[in-house]
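Below is one structure; the comments refer to it alone.
Keep in mind that this is a model prediction, so the values were computed, not measured. Letters go in sequence order (proteins before strands), and every chain restarts at 1.
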Amino acid sequence: MAPPALLAKRRRAALRTAAFLSPWLIGSAVFFAYPLLSTAYFSFTRYDGFRPPAFNGTANWSYVFTDYPLFWPALRNTLWLVVVMVSCRVVFGLGAGLLVTKVKTGAGIFRTLFYLPYLAPPVAATLAFVFLLNPGTGPVNTLLDGVGLPAPGWFTDPGWSKPALTALAVWGVGDLMVIFMAALLDVPKEQYEAAELDGAGAWARFRHITLPNISPIILFAVVTGVIQAMQYYTQPLVAGKTAAGVIGGSGQQFEPGYPDKSTLTLPQLVYNLGFQRFDYGAACVLALVLFALSMAFTALLMRRRGGLTGADA
Amino acid sequence: MTMSTARGARRAVLHWIGVHALAVAAALFFVLPFVFLLLTSLMGDQQALTRDLWPRTWEWGNYATVWHTPGFLTWWRNTLLYAGLGTLLTVVSSVPVAYALAKVRFRGRRLVLLLVIAVMTLPPQVVVIPMYLFWAKQLDLSGTLWPLIVPMAFGDAFSVFLLRQFLLTIPDEYLDAARVDGCGELRTPLRVVLPMAKPGIASIALFQFFAAWNDYFGPQVYASDNPAAWTLSYGLESFKGAHHTDWNLTMAATVLVMAPVILLFFFAQKAFVEGVTLTGVKG
């Protein structure tokens with residue numbers, strides 16, 4: 001039995017901790033738990049936002065999976081982006097990180113230049129890329145023509161629109177470059193020196209020392225990249241709308257995914273179903289699909305050795 | 001011996017040339033889009049529709065035209081309100097949560113941390129429908145930026161996580177020393193930890209500022225019906241719609257939306273790079 005003074009002290013400490021946490025605890029109840037439960041509830045109702053929600057069983061679920069023509073193309077696009085865009089970003093991010101650790105002259109300048117595109121606001125960067133990759137008069141195709149290479153239709157060709165989005169994502173790889181750079185500088189120098197004495201070449205050193213040392217960071221980059229790909233919204237939407245010549249703004253209806261559904265992603269469907277077609281029930285089904293997928297990848301992220309939470313947590 | 005050192009020196013020179021050639025090629029990939037953007041923003045209306053890469057006449061007036069486009073200044077004001085007020089609220093509400101998660105031992109700490117990470121990785125679309133209905137139907141606040149700003153007074157998951165990672169790097173010995181010196185459980189975080197956490201706080205403030213600056217989905221959901229509440233990121237896209245063929249003006253507007261972010265980066269480079277590193281490395 002602890003003395004009363006100690007009990008009072010403990011109670012004060014608990015209250016203090018609760019006070020520190022209260023903004024977040026209240027916030028996550030109001031802006032996370034409550035709306036998540038509502039989303040789950042609405043997904044089993046017919047709901048247009050005006051008449052009260054009416055229970056309709058699994059009708060929204062079967063509609064989304066079997067009759068909604070945009071669901072499967074959006075899921076396929078997301079998988080494509082997860083595989084190609086994420087691996088390109090990891091490879092180029094690691095390449096850029098390696099390069100800036102090797103550069104002797106002007107390292108600071110190169111680092112800054114590689115990093116700057118990451119800062120470009122997504123809408124601005126996307127508009128710029130739609131212009132740069134404009135098939136008729138864009139500078140990129142002008143340059144490709146100039147050196148005699150074939151000039152693709154980029155954002156206007158369903159076969160090239162996702163590679164164009166990938167180019168945009170690789171352009172903004174500065175965040176990964178910085179993370180890889182920090183990890184590369186942490187690899188113990190002695191390991192390289194020992195390997196060099198043993199006569200290991202550059203590739204062998206990369207393969208047997210660099211890669212194992214930075215593998216947790218590679219995994220981190222892959223998993224966070226997958227989570228970002230699940231959320232990919234602004235760039236494909238703006239690219240599709242701009243390339244299609246849709247005039248943005250006030251409640252404008254548009255068929256997303258130009259050209260030919262190739263830039264559709266799952267988050268766009270939530271907006272399309274909910275805020276353009278006022279089918280909140282079906283939109284909530286998609287929101288839950290998105291929730292399930294991103295939680296699955298988050299679980300993967302947290303299972304990594306030591307985890308995102310650190311060993312002590 | 002001299003032979004091999006000469007060969008070694010030559011190899012070092014070749015290596016230097018190879019690495020730097022590659023770096024210059026990469027730099028071109030990262031920088032040329034900005035260069036074409038700037039050049040096009042300074043072309044005349046007609047030339048911007050051609051394949052020319054270099055402006056025939058330098059139309060600096062394009063920037064004035066964009067600046068005086070109706071609505072552009074309103075978008076600036078709204079963006080500064082959203083980003084400025086949102087950042088302030090985020091910092092004030094996230095710092096105590098991050099401190100508790102990094103430096104206070106309590107039951108359920110791991111659970112709260114898992115919740116923070118789960119919310120951090122959650123796409124905003126997952127909860128947007130009930131949230132929209134709540135703000136629009138119950139509080140009648142659609143067409144304003146308040147549904148985006150108010151939640152920031154309740155801690156932001158990414159900021160909490162990032163700042164916690166930073167606070168973990170401050171050794172507990174400083175806190176113990178402060179307690180031995182008679183600092184209470186409130187004075188220790190305020191007088192000892194807070195000053196040491198300044199770089200971390202600067203990082204979360206910058207990230208939050210840019211997240212609001214770049215946000216497209218939020219303004220689209222809550223403000224798309226009311227152009228007076230649009231922000232730069234949302235307005236920029238409709239600017240392209242209104243000036244359908246005017247690539248020169250669109251690119252000038254794009255430059256004007258990018259410029260503050262890049263300028264701010266040059267003033268706060270360290271905080272920025274530190275924040276990016278913390279998300280990935282110091283797990």
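- With a threshold of 4.5 angstrom between heavy atoms, B/V257 approaches chain A through its backbone and through its side chain.
- Exactly one residue among A/F114, A/Y118, A/F129 makes a ring pair (Phe, Tyr, Trp, His ring centres under 6.0 Å) with A/W171. That residue is A/F129.
- Taking chain A as the reference chain and counting heavy-atom pairs below 4.5 Å, the highest number among B/P96, B/G155, B/A259 is found for B/P96.
- In terms of heavy-atom proximity, A/T105 sits nearest to B/H20 at N-NE2, 3.0 Å.
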Subject >> Trace of the side-chain contact (heavy atoms from CB on, under 4.5 Å) decision for B/F36 with A/L143 >> reply: CA-CA 12 Å; B/F36 289 132; A/L143 293 181; 3.8 Å; yes
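- Separation of atoms OG1 (B/T40) and CG (B/L249) is listed at 12.0 Å; rounding is to 0.5 Å.
- With A/Q231 contributing its side chain and B/T121 its backbone, the two residues share a donor-acceptor pair below 3.5 Å.
- Proximity to chain A (any heavy atom under 4.5 Å) is restricted, for B/T50, to the backbone atoms N, CA, C and O.
- A distance-only check finds a donor-acceptor pair linking the side chain of B/D156 to the backbone of B/S159 [under 3.5 Å].
- Both the backbone and the side chain of B/M258 come within contact range of chain A, each with at least one heavy atom under 4.5 Å from a heavy atom of that chain.
- B/L122 touches chain A through backbone and side chain together, each having a heavy atom under 4.5 Å away.
- Note: A/L113 leads A/L113, A/T126, A/V130 in heavy-atom pairs under 4.5 Å with chain B.
- Contact annotation for B/L39: neither backbone nor side-chain heavy atoms come within less than 4.5 Å of a heavy atom of chain A.
- Listed by chain and number, the residues in a salt bridge (Lys or Arg N to Asp or Glu O under 4.0 Å) with A/D279 amount to none (sequence neighbours excluded).
- Of the possible polar contacts, none joining the B/D52 side chain to the B/W54 backbone as a donor-acceptor pair under 3.5 Å is found.
- Both the backbone and the side chain of B/V116 come within contact range of chain A, with heavy atoms under 4.5 Å apart.
- Only the side chain of B/Y99 comes within less than 4.5 Å of a heavy atom of chain A; its backbone N, CA, C and O stay farther away.
- Per-residue heavy-atom pair counts under 4.5 Å with chain B were compared for A/F131, A/F31, A/F110, A/F32, and the maximum is reached by A/F131.
- With a 4.5 angstrom heavy-atom cutoff, B/Q269 touches chain A only via side-chain atoms.
- Contacts between B/A157 and chain A at a heavy-atom distance below 4.5 Å involve backbone atoms as well as side-chain atoms.
- With a 4.5 Å cut-off on non-hydrogen atoms, B/L133 touches chain A through its side chain but not through its backbone.
- Taking the side chain as every heavy atom from C-beta outward, B/S93 and B/M152 never approach each other to under 4.5 Å.
- Looking at A/V30, only its backbone comes within 4.5 Å of chain B, counting heavy atoms on both sides.
- Here the CG-OH distance, from B/D215 to B/Y234, works out to 11.5 Å after rounding to the nearest 0.5 Å.
- For B/V95, no part lies under 4.5 angstrom from a heavy atom of chain A.
- For a residue to count as touching a neighbouring chain, one of its non-hydrogen atoms must lie under 4.5 Å from one of that chain's; by this rule B/F29 touches chain A with backbone and side chain alike.
- Here A/Y271 is the residue among A/Y271, A/Y47, A/Y34 with the most heavy-atom pairs under 4.5 Å with chain B.
- Neither the backbone nor the side chain of B/S94 comes within less than 4.5 Å of any heavy atom in chain A.
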